[in-house]
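Note that the coordinates shown come from a computational prediction; the quantities given were computed from them, not determined experimentally.
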Amino acid sequence: MFSSKRFSAVDLNGDERLQYFIRMVREHKELWGLYADGWAESTDEQRRKGFIVFPDQSHAGLCATDKWKHYSPKMIKLSSFLDRFLDKLAKQKYTVAVFPTPFDGPVQVEPDVLRQELA
């Protein structure tokens with residue numbers, strides 16, 4: 001159902017976007033962030049920083065605007081994300097800011113919870 005490369009998931013609600021993200025990352029063994037001189041971040045209502053991730057390059061590119069207009073989509077291999085990124089994020093008390101859209105903020109997920117979903 002979501003396998004079409006032309007499918008845009010920006011109209012899904014937060015829970016649906018999270019599930020879509022998990023399916024796509026498991027299937028393609030990669031995820032995407034926005035990168036310039038560092039990775040794009042967000043801040044949630046509790047003022048916790050989040051590492052922003054997307055299921056694919058096209059959805060990441062949709063958010064490379066406004067405060068992230070100088071950022072470009074950059075691929076992260078799932079194995080690298082699981083082995084290196086998640087431990088570092090947990091130690092720094094970051095969340096993973098999963099799949100924001102131009103219309104809705106990200107779904108905040110604890111690094112250990114996302115590891116269980118993606119491993």
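If you take CH2 on W68 and CG on L62, they are separated by 12.5 Å, rounding to the nearest 0.5 Å. Once rounded to the nearest 0.5 Å, the distance linking CG of L18 with CZ of R23 reads 10.0 Å. Taking CG from L78 and CD from E30, the interatomic distance works out to 9.5 Å, rounded to the nearest 0.5 Å. Rounding to the nearest 0.5 Å places CD1 of I22 at 4.0 Å from CD of E117. Taking CG of L118 as the reference point, atom CG of L31 lies at 7.5 Å (rounded to 0.5 Å). Of the inter-residue distances, the one linking R26 atom CZ with H28 atom NE2 reads 13.5 Å to the nearest 0.5 angstrom.
Legend: residues meeting ring-ring contact (aromatic ring centres under 6.0 Å, His included) with Y94, ordered by chain and number and at least two apart, are absent. Under the side-chain contact (heavy atoms from CB on, under 4.5 Å) criterion, N13 pairs with D15, E16, sequence neighbours left out.
Looking only at side-chain heavy atoms (C-beta outward), I76 and F85 come within less than 4.5 Å of each other. Contact check for P73 versus Y35: no side-chain heavy atoms found under the 4.5 Å cut-off. Using a 4.5 Å cut-off on side-chain heavy atoms (C-beta onward), F81 and V25 make no contact. In this structure, the side chains of S72 and L34 stay at 4.5 Å or more apart for every pair of heavy atoms. Taking 4.5 Å as the limit, every side-chain heavy atom of F21 sits out of range of all side-chain heavy atoms of F54. You'll find the side chain of Y20 reaches within 4.5 Å of the side chain of L12, heavy atoms only. E41 has its side chain out of reach of F51: every pair of non-hydrogen atoms, C-beta onward, lies at least 4.5 Å apart.
The side chain to side chain donor-acceptor pair (under 3.5 Å) pairs that include a residue from residues 73-82 are S80-R84, where partners are two or more places apart or lie in different chains. Residue pairs that meet the salt bridge (Lys or Arg N to Asp or Glu O under 4.0 Å) test with at least one member in residues 60-69, sequence neighbours left out, do not exist here.
Contact record, P100 with A97: CD-O, 4.0 Å, taken as the closest heavy-atom pair.
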Tell me, with the steps shown, if L86 and V96 meet side-chain contact (heavy atoms from CB on, under 4.5 Å).
CA-CA 8 Å; L86 288 176; V96 182; 3.9 Å; yes
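Although no hydrogens or angles enter the test, the distance criterion places a donor-acceptor pair under 3.5 Å between the side chain of H59 and the main chain of A9.
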Give the table of side-chain donor-acceptor pairs shorter than 3.5 Å for residues 102-116, with sequence neighbours excluded, one pair per line with atom names and distance.
from : atom 1 : to  : atom 2 : distance (Å)
D104 : OD2    : R17 : NH1    : 3.1
Q108 : OE1    : T95 : OG1    : 2.4
E110 : OE1    : R48 : NH2    : 3.3
E110 : OE2    : R48 : NH1    : 2.7
R115 : NH1    : L82 : O      : 2.6
R115 : NH2    : D87 : OD1    : 2.6

